[in-house]
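Have a look at the structure below, then the notes.
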Amino acid sequence: MRNTETTAKRLAILGSTGSIGTQALDVVRDQPGHFQVELLTAGSNADLLVQQAREFRPNAVVIADRARHAEVRDALFPLGVKVYAGLEAIEQAVCMEDIDLVLTAMVGYAGLRPTLAAIDAGKPIALANKETLVVAGELVTRRAREKGVNIYPVDSEHSAIFQCMAGEWDNPIEKITLTASGGPFRGWSRQQLSGVTRAQALKHPNWSMGAKITIDSASLMNKGLEAIEAKWLFGLKPEQVEIIVHAQSIIHSLVQFRDGSMKAQMGLPDMKLPILYALAFPHRLATDWPRFDFARYPSLTFEPPDLEAFPNLVLALEAMRRGGNAPCVLNAANEVAVEAFLQERIGFLEMSDLIADRLAKANFVPSPDLEALQATDSETRQAAHESLKSPAWRS
Ligand code: NAD
Ligand code: MG
């Protein structure tokens, strides 16, 4: 094992051009000597990928969009940075010998195969890409155990629980409480929600994030995905996961132990904190980022989520309880629904109708392997796209 105090940890950042990816590079820039970037990958943002490679001088980059390969290759050739293209190239590149930790910050189902490839190559994972655990939590956590690979959560709630668990691994968890900001529509009625526009949904009160997770946060699907993510990360039963709306996003989540004692982790809502913790674990590195000030937060509030107004949360919790391929159906239908909402093809609440319709009609597979999950994912997407063409699924 490398000594992280004296040697820079060599990182692969998958999805380096996104919200988490760029903040991870901010962290690297802020912590000279602690991290070295070995691999950067992006979907299609060639310009930013080239700019990042010029600054961080990785060994290699991968652009998933093959149409942008030549321009990235030509721009980086003089620097001696290796340039590859396509999704399979990401799976191969994460296995490179000189990578110590893989940050999975791609969005959606596309993160699954590269994450599995990294685990198979024995690389520890800093996991932001929650959809991977939602779709294939059983498979991913089993493979990680078999390979002796650690998964460090980056999602702020899961990082909070992980931080609360330090020194407690032999103490059983009674329950965890995931906090939710409630998003931009906290307190809204179903009727108000039916008229929500794309622009309104893209404005989150506390966090600045990629478009997909911003919509998921507004619909509370994000909290449902996080419940499933937590179940797998911490080996919990569905009934051990509780959700509470905490509008200020200061308490990032809590753990309750069997003696009734609770531990919470607090801090300003800034994703750089959980990213840094996952990258530097087990160390805490010094930062000069803004500190929490009690005077600015005279009250922290808590309320139950409104399950009637936000059916996505109910659908996700149901899929968690059903298990099998149900969370994979939920995720695929949600990815199609979010995309359709962002394209202004369906309304805000129609996202839930589309997902509920798919969950009701999909074939249930109790213990899916990777092949079955891939089939579920593509069948669900295809059926959801078909449904979008006809209004039959609308409630
Ligand atoms: P984003 O959309 O800002 O960035 C996604 C990144 O993945 C980009 O670099 C993009 O180029 C790349 N990408 C997208 N599709 C791809 C594909 N098919 N193949 C290869 N690369 C692809 O997303 P984000 O907000 O940074 O979120 C990334 C992940 O982290 C998501 O799973 C999200 O749920 C999770 N997460 C994000 C935040 C946040 O604050 N943004 C917080 C917690 C968890
Ligand atoms: Mg989160």
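One-based numbering, in listed order, for ligands and for the atoms of each. These numbers come from the heavy atoms of this one structure, side chains and all, not from hydrogens, waters or symmetry mates. Sequence positions, counted from 1, serve as the residue numbers for this chain.
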Just to be sure I read this right, does ligand 1 sit under 4.0 Å from the backbone of [X], its side chain, both, or neither, counting only heavy atoms?
| X | result |
| --- | --- |
| Lys130 | both |
| Glu131 | side chain |
| Ser16 | backbone |
| Ile213 | side chain |
| Leu87 | side chain |
| Ala110 | side chain |

## Note on the structure
When every non-hydrogen atom of Phe348 is compared with those of Ala218, the smallest separation belongs to CZ-O, 3.5 Å
### Summary
Scanning both residues in full, the closest heavy-atom pair of Val61 with Pro58 reads CG1-CG, 3.8 Å
Carboxylate-amine/guanidinium contact [X] [Y], below 4.0 Å:
| X | Y | answer |
| --- | --- | --- |
| Arg10 | Asp98 | no |
| Glu157 | Lys223 | yes |
| Glu339 | Arg345 | no |
| Glu226 | Lys130 | yes |
| Asp120 | Arg143 | yes |
| Asp26 | Arg29 | yes |

### Query
Evaluating non-hydrogen atoms only, which member of Met106, Gln52, Lys272, Met271 is closest to atom 42 (C) of ligand 1?
Met271
#### Entry: Nearest candidate to atom 43 (C) of ligand 1, where distance is taken over non-hydrogen atoms, out of Val134, Thr132, Thr214, Asp155
Asp155
Identify the protein heavy atom lying closest to [atom], giving its residue, its atom name and the separation to 0.1 Å.
| atom | value |
| --- | --- |
| atom 14 (C) of ligand 1 | Val107 CG1, 3.7 Å |
| atom 25 (O) of ligand 1 | Gly210 N, 2.8 Å |
| atom 30 (O) of ligand 1 | Ala128 O, 3.3 Å |

### Query
Among the N, O or S atoms that Glu226 has, which is closest to the Mg ion (ligand 2)?
OE2
Numbered atoms and elements of ligand 1 in range of [X], under 4.0 angstrom, heavy atoms:
| X | result |
| --- | --- |
| Ile20 | 26 (O), 30 (O), 37 (C), 38 (C), 39 (C), 40 (O), 41 (N), 42 (C) |
| Ala64 | 19 (N), 20 (C) |
| Ala105 | 5 (C), 6 (C), 7 (O), 28 (C) |
| Asn129 | 32 (O) |
| Gly43 | 10 (C), 11 (O), 12 (C), 13 (N), 20 (C), 21 (N), 22 (C) |
| Ala42 | 11 (O), 21 (N) |

N/O to N/O below 3.5 Å, does that happen between [X] and ligand 1?
| X | value |
| --- | --- |
| Gly18 | yes |
| Ser19 | yes |
| Thr17 | yes |

### Message
Please check this pair: side chain of Glu71 against backbone of Ala46, looking for a donor-acceptor N/O pair closer than 3.5 Å.
### Response
no
### Message
Determine whether a donor-acceptor pair (N or O, by modelled atom type, separation under 3.5 Å) exists between the side chain of Gln31 and the backbone of Ala286.
### Response
yes
### Summary
Which of Val338, Leu330, Ile215, Leu313 passes side chain to side chain contact (heavy atoms under 4.5 Å, CB included) with Met221? It is Leu330
### Task
Using the Mg ion (ligand 2) as the apex, give the angle to atoms OE1 (Glu157) and OD1 (Asp155), rounded to 10 degrees.
100°
### Query
Between Phe162 and Phe281, is the gap from one ring center to the other below 6.0 Å?
yes
### Task
Check whether more than 12 heavy atoms from other residues, nucleotides or ligands sit under 6.0 Å from atom CD of Glu239, and answer yes or no.
yes
